[in-house]
Amino acid sequence: MSAKQEWELRIDEAAQKLNLKWYQDDDQYSDGDIEEDIVRYIAQNEPEDYDRVMYEHFSWAVYYHLTNVRKNLLNWYPFQKESSVLEIGSGCGAITGLLCDRCRKVTAVELSKRRATATQLRCREKDNLEIIVGNLNDIEFHEKFDYITLIGVLEYQGTYTDSDSPYRDFLVKIKSLLKDDGKLLIAIENKYGAKYWCGAEEDHTGIPFDGINNYKFSGQKVRTFARAELKKLLEESGYPYSFYYYPMADYKLPTVIYSDRYLPQSGAMEGVRPYYIPSDHTLLIEEKGLYKDIIKNNAFSFFANSFLVECSDSPMEREGEERVIFASLNSTRQKEYRVGTVIKDSGKVIKFALDNGTDIDFMFSQILNNAENIKGRGLKTLPYKINEKNELEMDFVKLPLYEESFRDEVSRGNAEALWKLWDRLLAEIEASSECVEQQECLVYELQMDEYREGRDYGKILREGYVDMIPRNCFVKGKELLWFDQEWVLENIPSKFILYRGMVEMYKVIPEFEDVIPMMEFVKHYKMEECLEAFMALNELFLQMVANPYYVGVLLERVNKYIYRKNVLKLL
């Protein structure tokens with residue numbers, strides 16, 4: 001059997017497994033013929049190959065349907081293992097497999113047979129999944145569910161629910177399918193999201209400011225909601241209890257999840273990468289520039305780009321359960337390094353493996369060892385432990401980051417104070433390890449430079465903790481408390497770690513350049529002759545940790561305009 005015959009047979013077998021009882025033989029919702037290619041890519045490849053496929057056959061549709069970043073919307077959510085889930089609108093299965101891994105039984109409903117086939121192919125190893133093709137409003141169910149997900153679906157009910165009140169009536173229909181203590185999870189764009197005020201095209205109509213103008217420009221039967229509107233709609237539909245999360249940059253491609261109990265603080269949004277479909281040619285304002293004032297004026301929940309709402313007809317705060325109030329998801333790394341971090345309302349911070357079945361114990365053990373070694377050198381670290389679920393656990397600490405000290409002095413234009421902050425950082429880096437001879441420096445071993453007497457790489461650290469940057473350090477009185485020291489490299493120049501801190505600071509605090517120009521920083525710490533080797537070493541480190549296909553797609557094709565600033569050329 002040829003390779004073509006094999007994947008064609010695989011597609012036919014997947015289609016035969018679909019429940020077509022309620023299918024009307026009409027795929028009304030589609031991204032077009034590109035979906036035929038997506039089905040073929042899924043049939044030809046295993047999930048671990050999707051990043052390569054996404055890179056080699058890039059289009060927005062291919063990227064959107066295949067990227068693992070989609071799973072960040074729910075891969076932190078504490079589903080009960082023995083629960084049943086109804087997924088309304090599975091699309092091409094971006095989240096379906098995650099639900100299968102986390103729950104006992106999954107029933108997926110999808111309007112499009114082609115997309116349902118893609119979902120079946122993508123989940124071909126799952127034995128706890130049923131896929132029904134058809135409109136939810138037509139389907140008869142003989143069971144109720146613990147969870148129902150409604151991701152990017154509610155906004156279309158003006159078209160797919162025949163009613164004078166389609167959004168309310170659709171939600172009422174869904175409520176009849178929930179168990180008494182069940183939960184509905186809704187992901188939807190915020191009509192007043194910051195990106196729309198900046199001129200980004202409305203996600204569903206492609207017309208800037210269409211949602212803000214209540215879709216008068218397009219006249220389409222689609223609708224998103226402001227937070228207050230959505231809350232009122234839910235209450236009228238029989239969901240008096242709700243909890244709001246704010247996926248950023250959007251629910252489609254989230255990297256962080258905020259909530260009403262953990263909203264972003266000053267500077268937190270500098271690391272979030274906005275994205276726009278299909279281009280940024282309509283933008284009037286740079287979105288990232290707005291968040292400082294939005295956060296300062298306590299308006300984030302109004303301007304967040306999208307919502308993830310957990311809702312129910314009964315109180316959701318159950319005895320013994322801990323609510324996740326924040327999540328950060330490092331899904332752009334190599335699979336074995338993908339780590340999620342959540343903060344729970346109990347005051348615990350938990351690190352866990354993002355991908356089901358990934359053995360990440362070695363990484364957590366390394367973080368523990370690194371913390372102990374740094375502590376043994378007389379520096380302060382936060383205490384960790386590995387809990388009964390093999391997760392890394394620590395207590396939540398409400399202290400300012402060392403990064404905030406830099407941010408404060410930049411806002412004051414105080415170069416003298418900034419030099420003192422950098423000097424202290426370098427001193428902590430150099431105190432973190434024993435030193436070796438200059439000739440043993442890793443850049444020489446890797447032939448990134450030739451040894452010359454007098455060349456100043458700083459102290460050569462036997463164990464270099466490359467994450468000793470201001471973002472990974474709290475300030476407690478006069479002490480610095482280090483955390484999240486994931487990586488250690490042998491025979492690393494101390495100034496290389498300082499260089500990494502510099503690159504990060506100039507990236508997240510663009511005004512740094514106005515107070516201390518980057519090249520002045522380089523000259524101050526005598527890095528001119530070292531800079532090329534530092535760039536090469538940093539690139540090597542990033543290649544070791546980061547997913548190369550994802551980074552390629554992101555940097556080259558999805559978000560080019562974000563990287564125009566000269567500071568990022570040093571990456």
Side-chain angles (χ1 to χ4, degrees), residues 255-256 264-273 286 288-289 291-292 295 328 330 379 399-432 457-458 461 464-476 479-487 492-528 530-531 533-535 537-539 541-542 545-546 555 562-571:
T255 56
V256 291
Q265 301 301 306
S266 175
M269 297 302 297
E270 290 292 345
V272 173
R273 298 184 177 105
E286 184 182 12
K288 287 177 66 173
Y291 285 111
K292 182 177 180 180
I295 293 168
S328 175
N330 286 324
L379 304 185
L399 291 170
L401 292 171
Y402 196 39
E403 176 182 303
E404 291 306 308
S405 299
F406 287 87
R407 194 180 302 278
D408 291 343
E409 299 304 340
V410 167
S411 68
R412 299 184 184 103
N414 193 339
E416 182 178 353
L418 286 168
W419 288 125
K420 290 180 180 179
L421 292 174
W422 285 121
D423 288 345
R424 184 174 185 188
L425 178 62
L426 181 58
E428 293 263 330
I429 292 169
E430 292 180 340
S432 66
Y457 276 101
L461 308 177
Y465 303 100
V466 295
D467 285 329
M468 289 186 73
I469 61 176
R471 178 157 286 187
N472 291 336
C473 183
F474 288 119
V475 180
K476 183 179 181 181
E479 295 181 335
L480 300 185
L481 279 69
W482 292 98
F483 64 94
D484 273 5
Q485 296 305 304
E486 295 180 332
W487 311 103
I492 289 292
S494 59
K495 288 185 180 180
F496 169 70
I497 303 175
L498 184 69
Y499 159 85
R500 282 177 50 81
M502 174 197 72
V503 170
E504 180 68 19
M505 285 294 92
Y506 279 74
K507 179 173 69 173
V508 300
I509 310 176
E511 299 83 3
F512 224 124
E513 183 72 23
D514 299 328
V515 184
I516 299 178
M518 185 180 289
M519 289 313 300
E520 183 179 338
F521 180 99
V522 170
K523 292 177 181 177
H524 181 87
Y525 287 104
K526 301 178 181 178
M527 291 184 182
E528 299 100 313
C530 313
L531 201 56
F534 286 169
M535 293 168 66
L537 186 57
N538 198 48
E539 181 65 27
F541 173 72
L542 292 175
V545 176
L555 296 184
I562 294 176
Y563 299 91
R564 289 175 182 163
K565 294 186 180 298
N566 291 333
V567 59
L568 291 188
K569 291 180 181 178
L570 287 179
L571 285 173

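Nearest heavy-atom pair across Lys476 and Leu481 is CB-CD1, 3.6 Å. Of all non-hydrogen atoms in Gly501 and Pro470, the two that sit nearest each other are CA-CD, 4.1 Å. Nearest heavy atom pair, residue Asn472 against residue Asp484, reads ND2-O, 3.9 Å. Among all heavy-atom pairs drawn from Lys495 and Met527, the shortest one is O-CE, 3.5 Å. Here the closest non-hydrogen pair linking Glu486 and Asp467 is N-OD2, 3.5 Å.
Rounding to the nearest 0.5 angstrom, the gap separating the SG atom in Cys473 from the CD atom in Glu479 is 10.5 Å. Remark: Tyr402 OH to Met468 CE distance equals 10.5 Å, nearest 0.5 Å. In this structure, Leu421 CG and Leu425 CG are separated by 9.0 Å, a value rounded to the nearest 0.5 Å. The distance from atom CD1 of Ile492 to atom CD1 of Ile429, rounded to the nearest 0.5 Å, is 12.0 Å.
By the 4.5 Å heavy-atom criterion applied to side chains, Trp482 and Glu428 are counted as neighbours. In this structure, Leu480 and Leu379 have side chains that are not in contact, with every pair of non-hydrogen atoms separated by 4.5 Å or more. Between Met502 and Val522 the shortest side-chain heavy-atom distance falls below 4.5 Å. Side chains of Glu416 and Glu409 form no contact here, defined as non-hydrogen atoms less than 4.5 Å apart. At least one side-chain heavy atom of Phe496 sits less than 4.5 Å from a side-chain heavy atom of Asn538. Side-chain contact check for Val475 versus Leu401: every heavy-atom pair is 4.5 Å or farther apart. Taking 4.5 Å as the limit, every side-chain heavy atom of Leu498 sits out of range of all side-chain heavy atoms of Ile469. Taking 4.5 Å as the limit, some side-chain heavy atom of Ser432 sits within range of a side-chain heavy atom of Leu461.
Between Trp419 and His524, the ring planes lie parallel to each other; the angle is under 30°, not in the 30° to 60° tilted range.
For Ser494, the side chain to side chain donor-acceptor pair (under 3.5 Å) partners two or more places apart in sequence, or in a different chain, are Glu430. Qualifying side-chain contact (heavy atoms from CB on, under 4.5 Å) partners for Gln265, counting only residues two or more places apart in sequence or in other chains: none. Residues forming a ring-ring contact (aromatic ring centres under 6.0 Å, His included) with Trp422 (at least two apart in sequence, or on another chain): Phe406, Phe512, Phe521. For Arg407, the salt bridge (Lys or Arg N to Asp or Glu O under 4.0 Å) partners are Glu403, Glu404, not counting sequence neighbours. When the salt bridge (Lys or Arg N to Asp or Glu O under 4.0 Å) test is applied to Glu504, the partners found at least two apart in sequence or on another chain are Arg471, Lys507. Partners of Phe483 according to the ring-ring contact (aromatic ring centres under 6.0 Å, His included) rule, which considers only residues two or more places apart in sequence or in another chain, are Phe474.
Checking each of Ile516, Asp514, Ile509 against Val410 for a side-chain contact (heavy atoms from CB on, under 4.5 Å) leaves exactly one that passes, namely Ile509.
A donor-acceptor contact shorter than 3.5 Å links the side chain of Glu513 to the backbone of Met518.
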Please determine whether side-chain contact (heavy atoms from CB on, under 4.5 Å) holds for the pair Val508 and Met505, giving the CA-CA distance in whole Å, both sets of side-chain angles, and the decisive distance to 0.1 Å.
CA-CA 5 Å; Val508 300; Met505 285 294 92; 3.9 Å; yes
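With 3.5 Å as the limit, one finds a donor-acceptor pair spanning the side chains of Tyr525 and Asp423.
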